[in-house]
Amino acid sequence: MSAHSPLSSAGAKQAEAAGKLGHKRPSWYLRLKSWWNDRSRWQQWLLLLVVVILAYLLPVINPPLITTEPSNDFAISCFNMALYGLVALGLNVVVGQAGLLDLGYIGFFAVGAYTASLWTSPDSPLVHIPYLWTLPLAMIVTVVFGIALGIPTLRLRGDYLAIVTLGFGEIIRLLATIIPVLKGNTGFQNIGRPPGEIDGSPIFSASNGLPWYWFTVTVIVIVMILLGNLERSRVGRAWFAIREDEDAAEIMGVPTFRFKLAAFGTGAALGGLSGALLAGQVGFVNNQKFDVPTSILFLAAVILGGQGNKLGVVIGGAIVAYVPLRFTALGGWKFLIFGVVLVLLMIFRSQGLFGKKPKLLTYTARIRRKVKHEASPEPGDPPHEATASATDRSGIDENTDRSGIDENTDDGDEGGRA
Amino acid sequence: MSGEWISFDFGALLNSFWATTFDGLTLGAIYALVALGYTLVYGVLNLINFAHSEVFIAGAFAVVFFLSSLGFGPSAPTLPLGMLILDLVLAGIIAMVVSGGTAIIVERVAYKPLRDRGASRLAFLISAIGMSFVLQYIFFEWRGPNAEPSVTMFRPKPIFEVFGAIIDSQQLTIVIAALIMMVCVDQVVRRTKLGRGIRAVAQDPDTATLMGVNRERIIVATFAIGGFLAGAAALFYVMRVPAGVFYMGGFILGIKAFTAAVLGGIGNVRGALLGGLLVGLIGNYGATILGDSQWTDVVIFVVLILVLMIRPNGILGTNLGEARV
Amino acid sequence: ANQGSSGGGGSEASSNRVELPVQKKLEVSPDVVKAAGDGKAKCDAKTTIAYVGAMTGPNAQLGINIYNGSQTAIDEHNKANPDCQVTFKKIDTEGDPAKATGPVAQATKEKDIIGVVGLPFSGESKATGGIFEDNDLVHISPAATNPDLSANGWKTFFRGLGNDNVQGPALVKLVDKLKAEKTCLIEDDSDYGMGLAKVVREKMGDKLVCEDAVTTGQKDFAPTIQKIMDSKADSVIYSGYFAEGAPLDNQLVNKGFEGYFIGPDGVKDTAFVKQAGDAAKNTYYTCTCVPGDLIPEFADAFKKVSGGDAPGTYSVEGYDTMTIFLSGIDSGITDRKKMLDYVKNYDGVGYGKTYKWDDTGELEDKAVYGYKTEGDGIVSVGLIE
Amino acid sequence: MPLLEVKDLEVRYGRIKAVEHIDVAVEAGEVVVLIGANGAGKTTTMRAVSGLLAARQGSITFKGEDVTRLKGHRRVAKGISLVPEGRGIFPGMTVRENLEMGTYALKGKNPESEYDRVFELFPRLKERSTQLGGTMSGGEQQMLAIGRALMASPEVLLLDEPSMGLAPQFIRQIFSIIREINSQGTTVLLVEQNANQALAIADRACVLEAGRLTKTGTGKELLADNTIRDVYLGGG
Amino acid sequence: MNADANLTEVAPERDIAVAEGDTLVKVKDLSVVFGGLTALDSVSFDIRRGEILGLIGPNGAGKTTCFNAMTGVYKPSQGSVMLEGHSLLGLKKHRITRLGLARTFQNIRLFGEMTALENVAVGLDARHKSGMISAMLRTPRHYREEKQIITRGMELLEFVGIADRALDRAKDLPYGYQRRLEIARALATDPKLLCLDEPAAGFNPAEKEELMELIHTVRDEGYTILLIEHDMKLVMGVTDRIVVLEFGKKIADDIPSAIREDPAVIAAYLGQEEPDATA
Ligand SMILES: Nc1ncnc2c1ncn2[C@@H]1O[C@H](COP(=O)(O)OP(=O)(O)OP(=O)(O)O)[C@@H](O)[C@H]1O
Ligand SMILES: Nc1ncnc2c1ncn2[C@@H]1O[C@H](COP(=O)(O)OP(=O)(O)OP(=O)(O)O)[C@@H](O)[C@H]1O
Ligand SMILES: [Mg+2]
Ligand SMILES: [Mg+2]
């Protein structure tokens with residue numbers, strides 16, 4: 001789509017909207033952001049810590065109004081929210097970072113779930129291994145699937161890739177039905193769980209969402225740190241460049257195919273991990289729910305949260321999981337409302353709730369100092385200075401907001417090592 | 001099923017080759033009509049109109065309501081041929097109007113505001129998905145989860161035999177009517193001013209405006225044409241699949257139609273036709289060779305992947321992306 | 001059982017079809033246990049029985065049939081027993097195994113719930129049986145038919161109906177009764193459909209001339225129909241649900257098929273008749289469910305709850321299972337352990353069958369009824385075995 | 001009364017003000033040239049006049065009629081035609097189809113003579129009439145864009161840097177073409193970096209700097225202006 | 001490698017197999033055919049290390065096509081391109097870039113949403129090695145490379161004169177800055193040969209002047225440059241040698257002053273010199 005829209009009767013108002021709307025922040029966002037930037041480093045860390053602790057305590061606090069009870073056990077709901085968050089985090093690598101439209105992400109999720117089932121459920125003829133081992137195994141298996149799908153198809157552009165991935169997801173689901181060892185609708189029961197018992201009953205049980213939730217949140221925190229590291233590296237930049245202009249990226253020396261495959265593989269691994277976690281918590285896996293609408297829901301989670309923003313997509317995932325659990329009683333209406341919300345959100349905030357451009361360089365604070373230091377015009381500067389940049393002329397300076405370079409380290413990934 | 005989960009039985013296909021073929025073509029003609037809607041909108045806006053499947057099913061609901069209000073029911077009516085044709089044409093027109101209207105509503109609600117704000121492509125996709133949800137669950141809340149009671153328009157009668165396979169009146173009606181429509185659309189896109197406008201907006205909306213093309217009108221017209229074709233497809237669908245009209249009915253068919261559009265080369269009108277027929281055939285052949293209907297979609301998607309590996313832009317698609325650097 | 005006499009001998013022509021006579025009346029045993037009890041029960045007002053299962057989503061209808069049956073029982077009970085007002089709680093799973101653990105965990109957490117009617121579907125039952133087991137909460141499924149469910153060693157699981165191993169042979173028997181010679185077996189991809197098909201396949205022997213499998217959501221069945229027509233079968237057993245069964249039957253008849261279409265309880269739904277239209281005339285059904293509409297007093301009470309709808313598939317089971325819990329409460333039971341014992345040792349007559357379970361939670365009474373299409377409804381043709 | 005009059009125009013991109021207080025009047029039959037450094041707002045002005053961008057403030061009148069709120073395609077029908085910066089070739093249409101698009105706004109007719117005229121001006125286009133527009137070379141696309149605008153026989157032709165990417169010989173040709181169509185009665189509003197040649201054919205010229213109009217005068221006046229010479233004419 | 005003390009890092013020490021003045025790139029018998037159209041017809045020329053070679057010719061002569069064939073965008077139907085004696089044919093585009101051939105685009109193709117510095121970083125990454133693991137675990141190499149991006153990236157931006165907007169989105173930059181950023185990004189890949197496709201398009205004479213200086217400075221830094229440009233003043237002022245194409249064929253290859261006088265070139269391309277004002 002072109003960024004410009006033709007003139008309509010809306011006239012000036014529309015010109016205002018054209019092009020830039022995606023980057024216009026509502027004032028609460030700006031205010032929050034500048035407030036955050038004003039905190040000192042240790043204050044930010046402390047606040048982050050509080051937020052993380054609050055996140056861990058969420059199911060224990062079980063806040064009224066927010067709780068999904070009495071329809072759904074809140075701890076299990078929290079686990080589902082976290083799980084969707086993890087899924088969104090993985091899909092975000094593919095869609096948000098590398099710009100590859102994947103409508104069949106559910107396929108990887110399914111492969112992960114089946115991996116956990118096949119190696120732990122008594123219904124499976126395979127050798128059984130401890131559940132925790134299936135998590136890395138699921139990641140490995142899905143990466144293999146991801147690469148097997150990616151090699152022939154990653155040459156495809158945009159929507160062609162989208163339909164092929166959609167097809168892949170469907171093939172996985174249908175094969176789960178057709179291939180007898182995958183037990184179709186009958187499914188696998190009594191899938192393994194992490195070890196540990198209290199008073200003779202297992203810590204990780206299907207009915208106790210709390211340990212599962214904590215476990216998943218911990219996984220999310222680790223994954224976010226690792227992905228944050230990736231983002232601010234050669235890999236993250238390559239993904240972003242591919243998303244912007246694949247041909248140009250290739251010509252600038254980015255091995256686009258390899259990096260696309262890497263994105264696909266990373267996404268697949270996280271999808272597989274999520275699937276294995278779901279299998280463990282529910283303890284039962286069959287061919288239901290690995291369908292296209294769920295896959296699309298995953299995508300919606302990413303866009304809703306704001307593709308590119310890790311924390312944002314996790315929240316997006318949590319919202320997508322939460323709404324149906326909270327409003328179970330509404331029946332079909334909840335999907336209707338969900339649809340309306342999606343449309344409205346895209347109209348009024350097409351970048352998603354927390355959309356922002358990721359930072360792509362490691363030394364964020366240092367650059368800013370450097371640039372500030374060097375920005376003072378030199379005598380020999382070209383007369384471009386005189387023609388004044390667009391932003392110089394504008395009333396409101398949005399630059400700091402857009403530059404993608406801020407002092408803060410939102411995911412806490414830098415300070416620890418820098 | 002028992003035993004080996006995959007086995008190839010080409011004999012089964014040979015036995016009923018022509019019957020399978022004709023049936024695949026009939027089904028494919030319906031896919032093609034819906035695929036055209038995807039392809040036209042893709043052509044003009046470069047986006048997958050995810051809500052097109054609901055545009056289609058809206059028409060199908062209209063057909064069912066209209067025909068049952070005329071007294072059509074589970075058993076084939078005993079009407080004089082002229083009356084029957086009149087009723088069916090009327091039903092088709094109503095379906096086209098309903099589908100076309102739905103398409104325009106989708107455009108105005110889910111796309112126009114985004115266009116005015118210069119949203120990203122993905123935003124359009126999500127908005128379309130949102131709209132698709134909305135329509136689906138409007139149907140769901142309104143009509144419940146079950147399919148509509150069937151209306152039978154006529155009992156298919158054998159018309160003639162080709163290679164030992166019987167072609168019945170239903171197949172013939174669907175294929176001929178669908179082909180006529182598709183040829184018309186192809187001609188409209190190729191030869192008329194509207195068609196040129198559609199192509200221009202597709203390739204460069206701003207320059208199209210500079211040529212005097214009313215972009216908004218072209219977009220609405222494109223959605224409307226896509227809707228009309230979906231409406232026509234809906235009539236044939238109800239004719240062929242009487243108990244198939246329910247809130248998810250569009251979604252299921254939509255994915256295949258969309259696959260067909262991509263297979264043929266999305267954005268390409270003839271590609272949609274070719275893709276539709278191919279998807280119908282491939283599905284039927286695959287299910288026959290592999291022995292189970294469950295294989296239908298697997299075979300379709302596998303063929304899609306294979307074709308795209310060889311022709312990354314679909315069978316008739318052209319690649320403009322790499323033309324110049 | 002009241003069986004009809006067989007008609008002529010020919011199998012293919014519709015004129016020679018065997019018509020099994022309609023069952024007009026269902027004998028209700030004088031000993032039937034009703035929800036009202038003796039009217040003198042006393043209990044804690046917080047005592048709760050829950051229905052856990054689909055209330056919304058695409059599979060909601062079956063759930064609605066069931067909890068309306070249960071609601072009928074509760075209403076009857078609470079009206080007759082002013083000192084024992086049992087609370088009825090409905091918890092929605094949407095029939096989805098992945099979503100069911102949350103609601104079930106919630107149900108087991110609420111200590112006032114001492115018995116559960118549910119879960120209706122086999123998949124969700126598999127996913128959650130362990131949770132009930134861990135919490136000693138007894139649940140009686142009024143609809144799940146997968147035989148494996150009782151093989152888990154769960155002590156809290158009971159089934160208010162015969163499983164697929166009961167219904168499968170009944171399907172075969174029905175084919176025999178109809179004097180059909182060549183049968184095609186079409187299964188869907190559900191646990192239910194595949195499980196039943198397995199039993200049918202074993203029992204059917206030489207009569208089985210073709211097989212095919214379809215997928216949930218499929219609405220166009222051209223290759224399947226081609227196969228059936230090629231095989232010259234005079235009967236089709238469709239092992240699945242009506243949503244796919246109806247269009248299949250309809251398209252089959254449109255292509256000139258003149259034999260029988262036979263389906264299990266998943267097909268037995270008035271929606272099937274509506275959707276298949278005239279084609280449904282060829283359809284017979286089996287069901288381990290009791291024809292509730294032949295029990296006028298139940299049917300009348302049910303309609304008051306349902307807002308006028310006649311009892312549907314498993315409505316009677318909904319009533320009967322709830323009644324078992326209510327009679328337990330009336331007898332003074334206040335906790336889960338005792339309720340579990342009560343159900344385990346229960347031996348009573350319900351509207352349609354005798355409720356007494358073996359060690360695994362399977363019903364000993366294995367009644368299967370036959371049904372057929374008549375007009376735009378479904379009527380019983382009596383017990384098959 | 002001027003044929004085309006821009007008064008106090010202000011255009012923004014989002015919150016960014018691109019141009020303000022722009023006043024340009026083009027009399028019928030004139031060639032008016034806009035010059036200015038990169039980013040001065042020339043393209044923005046042209047796009048606003050042709051209706052691709054909305055005016056935030058100010059007015060645009062054409063033949064006495066206020067067209068400020070008129071949609072872009074309607075302005076084309078009235079006789080305002082723009083050859084955009086970046087050429088705006090339809091990449092998937094052949095050269096001939098691209099030219100045909102030029103006649104879109106003309107009611108029905110499709111005059112062969114127009115093709116002949118364009119083909120005569122640009123023989124390369126005739127040679128390549130079935131090549132896809134998107135595969136033409138940079139300069140060839142520029143010819144196509146100008147040829148396409150001529151197909152519509154507009155009353156006012158807006159040209160945004162028509163010489164960009166053209167070989168020197170060809171640039172001269174383009175300027176003589178501009179003079180020719182001007183002499184045939186088409187009014188021209190021209191944006192050029194090639195200020196020397198542009199000013200030479202201009203009746204009047206305006207200088208844009210940082211979104212504002214800083215100088216106007218006849219072509220000759222500006223050619224002689226020292227500061228202009230230094231910056232835009234390359235001291236030559 | 002060069003004298004300018006405070007800019008030494010802009011053109012880092014690199015092993016280039018050939019000496020100053022020797023043939024760096026050899027284009028031999030290169031042909032590109034589109035359908036029936038021979039866009040490039042057996043073109044041969046050498047590019048010597050350290051020179052600025054101009055590539056001119058009428059519109060549609062095949063200049064961009066020649067670039068595209070050299071950088072792997074088009075597959076030549078015949079002929080070869082050798083860099084330091086190694087053939088580039090059949091190599092992936094990113095390989096060619098890494099081997100030392102960088103380019104800018106006739107139509108600007110920056111990564112619009114990325115900042116100027118990040119755009120340059122992508123170019124610098126072509127020489128970097130850290131992969132997934134190294135980035136995820138932040139190995140010392142990762143830190144080293146990231147530090148290099150800041151120092152060298154900023155130096156490059158400064159070098160082309162746009163360091164003041166280093167943190168702005170590329171698509172918000174003025175046109176001239178974008179053109180310069182393209183050059184900086186290409187330089188970041190440490191090219192042995194830098195190919196510029198009409199870098200001055202859309203510039204006014206004053207801006208062209210500056211660009212000319214910039215190109216000179218780049219060369220003085222030790223880069224070799226291949227330049228496509230239609231502005232004769234710029235081409236004549238900056239190049240050491242000029243190759244002229246017409247209809248896909250090479251019609252001349254000489255020093256600027258000779259080209260200016262070459263009758264074939266005048267006929268095909270330059271046209272008769274005449275005073276502008278009377279055109
Ligand atoms: N789509 C856009 N979004 C934001 N700012 C823009 C956009 N297009 C142009 N600008 C800004 O508006 C100002 C005017 O740009 P414009 O393209 O009109 O300049 P110009 O005079 O045509 O320059 P050039 O000689 O480079 O063509 C510039 O500062 C530019 O950065
Ligand atoms: N993909 C293609 N298909 C067909 N013809 C092409 C293709 N690409 C280029 N051409 C043709 O090849 C010829 C050479 O094009 P090229 O882009 O190399 O010219 P150029 O010398 O760069 O011209 P300019 O100065 O106008 O940019 C042109 O006539 C062009 O139309
Ligand atoms: Mg401009
Ligand atoms: Mg070129």
Region of Ala222(C) in contact with chain B, defined by heavy-atom distances below 4.5 Å: both

Any donor-acceptor N/O pair, Gln275(C) side chain to Ala147(B) backbone, under 3.5 Å: yes

Pi-cation contact, Tyr237(B) with Lys219(C) (under 6.0 Å, within 45°): no

Choice from Met229(C), Glu244(C), Gln226(C) maximising heavy atom contacts with chain B below 4.5 Å: Gln226(C)

Interatomic spacing from CG in Asp168(B) to CG in Asn254(C) - rounded to 0.5 Å: 8.5 Å

Flag side-chain contact, heavy atom, 4.5 Å: Val241(B) against Gln251(C): yes

Derivation of the side-chain contact (heavy atoms from CB on, under 4.5 Å) call for Asp278(C) and Thr152(B): CA-CA 9 Å; Asp278(C) 274 7; Thr152(B) 307; over 6 Å; no

Neighbour count above 12 (heavy atom, 6.0 Å) for Asp9(B) CG: yes

Contact origin within Leu253(B) toward chain C - heavy atom pairs under 4.5 Å: neither

Heavy-atom contact with chain B under 4.5 Å, split by part of Phe242(C): side chain

Heavy-atom proximity to chain B below 4.5 Å, by part of Asp188(C): backbone

Interchain contact, Asp189(C) with chain B, by part (heavy-atom threshold 4.5 Å): both

Choice from Val214(C), Thr224(C), Asp220(C) maximising heavy atom contacts with chain B below 4.5 Å: Asp220(C)

Proximal component of Phe251(B), with respect to chain C [non-hydrogen, under 4.5 Å]: neither

Per-residue contact mode, Asn146(B) against chain C (heavy atom under 4.5 angstrom): both

Enclosure of Lys203(C) NZ (heavy-atom neighbours >12, cutoff 6.0 Å): no

Expected output: side-chain Asp212(C) to main-chain Ser293(B) donor-acceptor under 3.5 Å: yes

Distance, nearest 0.5 Å, that separates CD1 of Ile252(B) from OG1 of Thr215(C): 8.0 Å

Lys227(C) NZ to Asp292(B) CG distance, which is reported to the nearest 0.5 Å: 5.5 Å

Heavy-atom proximity to chain B below 4.5 Å, by part of Lys255(C): side chain

Part of Asn250(C) lying under 4.5 Å from any heavy atom of chain B: side chain

Interface moiety of Ala280(C) toward chain B, non-hydrogen atoms closer than 4.5 Å: neither

Residue part contacting chain C, namely of Asp297(B), when any heavy atom lies under 4.5 Å: neither

Atom group of Glu141(B) that falls short of 4.5 Å from chain C, counting heavy atoms: neither

Phe246(B) portion near chain C, given a 4.5 angstrom heavy-atom threshold: side chain

Best-contacting candidate, Asn15(B), Leu27(B), Thr20(B), against chain C by heavy atom pairs under 4.5 angstrom: Leu27(B)

Heavy-atom neighbours of Lys90(C) NZ exceed 12 at 6.0 Å: yes

